[in-house]
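Okay, so here's the structure we're looking at.
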Amino acid sequence: MCQAPIYLYSIATFCYLALTAWGVFDIRLSYFLKTQYFLKGRPKKTVVLTFDDGPTELTSQFLDLLQQYNAKAIFFCVGEQIEKYPELIQRMHNEGHRIGNHTFSHQPKNTFSSTNLQNEICRTDEVLKKLNIETTLFRPPYGVTNPPIARAIRAAQKETIGWDIRSLDTIIQNDDKLFRRIVRKLSNGNIILLHDKSTRTLRVLERLLQYLKENNFTITNNL
Ligand SMILES: [Zn+2]
């Protein structure tokens with residue numbers, strides 16, 4: 001019987017490991033679970049604005065700005081922050097924004113294992129329930145998925161929402177660079193990842209909203 005040379009096995013193993021590692025960090029691959037990261041079949045240019053890790057002391061300014069442009073967004077909120085700013089969650093809800101679960105603590109040590117993650121999702125659901133809000137939407141911290149994370153999300157019966165434009169607004173320090181990075185990637189159906197926790201993002205959001213308006217984009221939070 002003819003056997004494949006050992007190097008072929010090595011290449012196959014390497015490819016498998018590389019793909020798995022890529023699948024862990026790139027939510028768009030839907031490698032471990034079904035993830036929505038863009039909008040399908042919209043007749044005109046439509047995008048979704050998403051804000052992670054809040055609410056924070058700056059969120060009300062984000063809400064003011066969104067209101068000014070009549071734009072409805074999705075906020076993926078952290079349970080600990082919801083407990084600090086429940087009135088902002090009420091305001092988001094009243095103003096037509098959608099709220100998603102983004103774990104309770106956002107800590108890697110609590111969100112990278114199945115049982116811990118399930119607890120984190122549950123705790124945040126309970127905090128939201130006290131405010132009469134329920135959500136099926138979930139976004140894993142850092143967009144990281146792996147088999148235990150996928151198991152926990154399935155057990156919690158959540159829809160996983162990713163993004164196809166990662167603004168890197170927590171890393172890029174320059175307003176112009178950040179703005180250009182987002183608009184360069186704009187097409188139809190993008191889900192844009194932002195964070196409602198810095199004045200830089202707030203400034204760039206204003207430019208982005210203006211740009212979207214001038215270029216006839218529709219902003220929706222209907223996935
Ligand atoms: Zn996050």
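What you see is a predicted model; the values in this text were computed from it and never measured. Counting convention: from 1, in listed order, for ligands and their atoms alike. Position 1 is the first residue of the sequence; numbering continues from there.
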> For the atom pair CZ (Arg123) and CD (Glu83), what is the distance rounded to the nearest 0.5 Å?
Replying inline: 7.0 Å
> Is the shortest heavy-atom distance from the side chain of Leu66 to the side chain of Phe75 under 4.5 Å?
Replying inline: yes
> Among Asn101, Thr50, Thr103, whose side-chain hydrogen bond (donor to acceptor under 3.5 Å, both in side chains) with Arg139 holds?
Replying inline: Thr50
> Is Asn221 reaching over with its side chain to a backbone N or O of Ala73, donor-acceptor style, under 3.5 angstrom?
Replying inline: yes
>> Between His97 and His93 (judged by ring centroids, cut-off 6.0 Å), do the two rings come close enough to count as a pair?
In response: no
>> Just to be sure I understand the site: which N, O or S atoms from the protein are less than 2.8 Å away from the Zn ion (ligand 1)?
In response: Asp53 OD1, His102 NE2, His106 NE2
>> Per the salt bridge (Lys or Arg N to Asp or Glu O under 4.0 Å) rule, what does the pair list look like for residues 86-114, sequence neighbours excluded?
In response: Asp64-Arg91, Arg91-Glu95
